[in-house]
Amino acid sequence: MADAKVKTVRLQDGIEVAVRPMKRSDEPRMLEFFRSLPKEDRQFLRHDVTQPENVHRFVTDVHRDTVLALVGELDGRIVASATLQRHHYGWMTHVGEIRVVIARTLQRKGLGVALVRMLVKAAIAEGVEKMIAEVASNRTGARKAFERLGFQREAVLKRHVKDLSGRKRDLVIYANDVSHIWDRMESMVSDFNPTLGG
């Protein structure tokens, strides 16, 4: 990520969380963070992040430039992970997928919205034109956060995921098409003609 600066996010209850790009040295604390999550918060993750090898692969992928990753820190602990995953080859190079995981005690306090906003800004700077997010239908807080940031419901896969009790839930796919931002930038560039004094 181009901007390696630490940013402070002030939550609704006044708590301040430091947000910065993830580093290789965060691996042990990332494992600790993921293991501290309640089982119901881990169930919709794609990999078992309580296993060291999966966390190692995740951190390694970040440093292969396939993932933009942020972490939230509070009192020396990692309390949030936010990623934007990209394909650098093929028909979806313009698309990025956003995933956000936040410690239970800090949920519904504005941290998720702040993290997604930072990822959207970074993604646009990297040339991403469309961002998607997958959210289980019962994750109301996450759905509202994405909607507040301009993500729109693009598809619903019926009974696509299971919760801990085995109940099948719909998977809602949200999308935010930011290609209009690139269109405006290209228009501004094409309108500027240095030979005419711009």
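Predicted, not measured: the structure shown is a model, and the values here were computed from it.
Arg10 is linked by a side-chain contact (heavy atoms from CB on, under 4.5 Å) to Glu16, counting only residues two or more places apart in sequence or in another chain. Remark: Leu171 pairs with Glu134, Leu157, His160, Val161 by the side-chain contact (heavy atoms from CB on, under 4.5 Å) rule, at least two apart or across chains. Remark: Arg104 pairs with Pro38, Glu40, Asp41, Gln107 by the side-chain contact (heavy atoms from CB on, under 4.5 Å) rule, at least two apart or across chains.
With rounding to the nearest 0.5 Å, the separation of CD in Glu129 from NE2 in His94 is 6.0 Å. The distance from the CE atom of Met22 to the CG atom of Leu68 is 11.0 Å, given to the nearest 0.5 Å. To the nearest 0.5 Å, atoms OH (Tyr89) and OG1 (Thr93) are separated by 10.5 Å. Distance CG/Asn176 to CD/Gln152: 8.0 Å, rounded to 0.5 Å. Atom-to-atom distance recorded for Ile132:CD1 and Met92:CE is 7.0 Å, nearest 0.5 angstrom. Rounded to the nearest 0.5 Å, atoms CZ (Arg99) and CZ (Phe58) are 8.5 Å apart.
Summarising the geometry of Ala103 relative to Phe33, their closest heavy-atom pair is N-CE1, 3.8 Å, with the distance given to 0.1 Å. Shown here for Leu31 and Gln51, the closest heavy-atom pair between the two residues is CD1-C, 4.2 Å. The two residues Arg86 and Gly96 come nearest to each other via the heavy atoms CG-CA, 4.5 Å. Closest approach of Leu115 and Ala80 over heavy atoms only: CD1-CB, 3.8 Å. Residues Glu154 and Ala175 share a closest heavy-atom pair of OE1-CB, 3.4 Å. The two residues Ala18 and Val6 make their nearest non-hydrogen contact at CB-CG1, 3.9 Å.
Between Arg77 and Glu32 there is no salt bridge, since no side-chain nitrogen of the basic residue lies less than 4.0 Å from a carboxylate oxygen of the acidic one. With salt bridges taken as basic N to acidic carboxylate O contacts below 4.0 Å, none links Lys23 and Asp26. Asp170 and Lys158 are joined by a salt bridge, as a carboxylate oxygen and a charged side-chain nitrogen come within less than 4.0 angstrom of each other.
Heavy-atom contacts from other residues, nucleotides or ligands closer than 6.0 Å to CZ of Arg29 number more than 12.
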Practice task
Please lay out, stage by stage, how Ile102 and Val79 fare under the test side chain to side chain contact (heavy atoms under 4.5 Å, CB included).
Solution key: CA-CA 6 Å; Ile102 298 172; Val79 293; over 6 Å; no

Exercise for the section: Take Glu97 and Lys130, measure what salt bridge (charged side-chain N to carboxylate O under 4.0 Å, His left out) needs, and give me the verdict at the end. Expected result: CA-CA 9 Å; Glu97 182 180 357; Lys130 182 176 183 178; over 6 Å; no

Practice task
Go through the steps for Arg20 and Glu73 under the test side chain to side chain contact (heavy atoms under 4.5 Å, CB included), then give the verdict.
Solution key: CA-CA 8 Å; Arg20 60 167 176 78; Glu73 279 185 308; 3.1 Å; yes

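For the pair Val17 and Thr8, the minimum side-chain heavy-atom distance is 4.5 Å or more. For the pair Ile173/Val156, no side-chain contact is recorded, criterion being any heavy-atom separation below 4.5 Å from C-beta on. Using a 4.5 Å heavy-atom cutoff, the side chains of Met131 and Val128 are in contact. With a 4.5 Å cut-off on side-chain heavy atoms, Met30 and Val71 count as touching. Two residues are said to be in side-chain contact when any heavy atoms from C-beta on lie closer than 4.5 Å; Arg169 and Lys162 fail this criterion. For the pair Ile98 and Thr83, the minimum side-chain heavy-atom distance is 4.5 Å or more. Using a 4.5 Å heavy-atom cutoff, the side chains of Leu149 and Val113 are in contact.
The backbone N or O of Ser137 lies less than 3.5 Å from a partner atom in the side chain of Arg143, making a donor-acceptor pair. Side chain of Arg35 to backbone of Thr50: a donor-acceptor contact under 3.5 angstrom is found. Listed for the Arg24 side chain is no donor-acceptor partner under 3.5 Å among the backbone atoms of Val59.
Aromatic pair Phe151/Tyr174: centroids not less than 6.0 angstrom apart.
Residues Val116 and Val95 fall into different hydrophobic clusters, defined by Ile, Leu, Val, Met, Phe, Trp and Tyr side chains chained together at heavy-atom separations under 4.5 Å.
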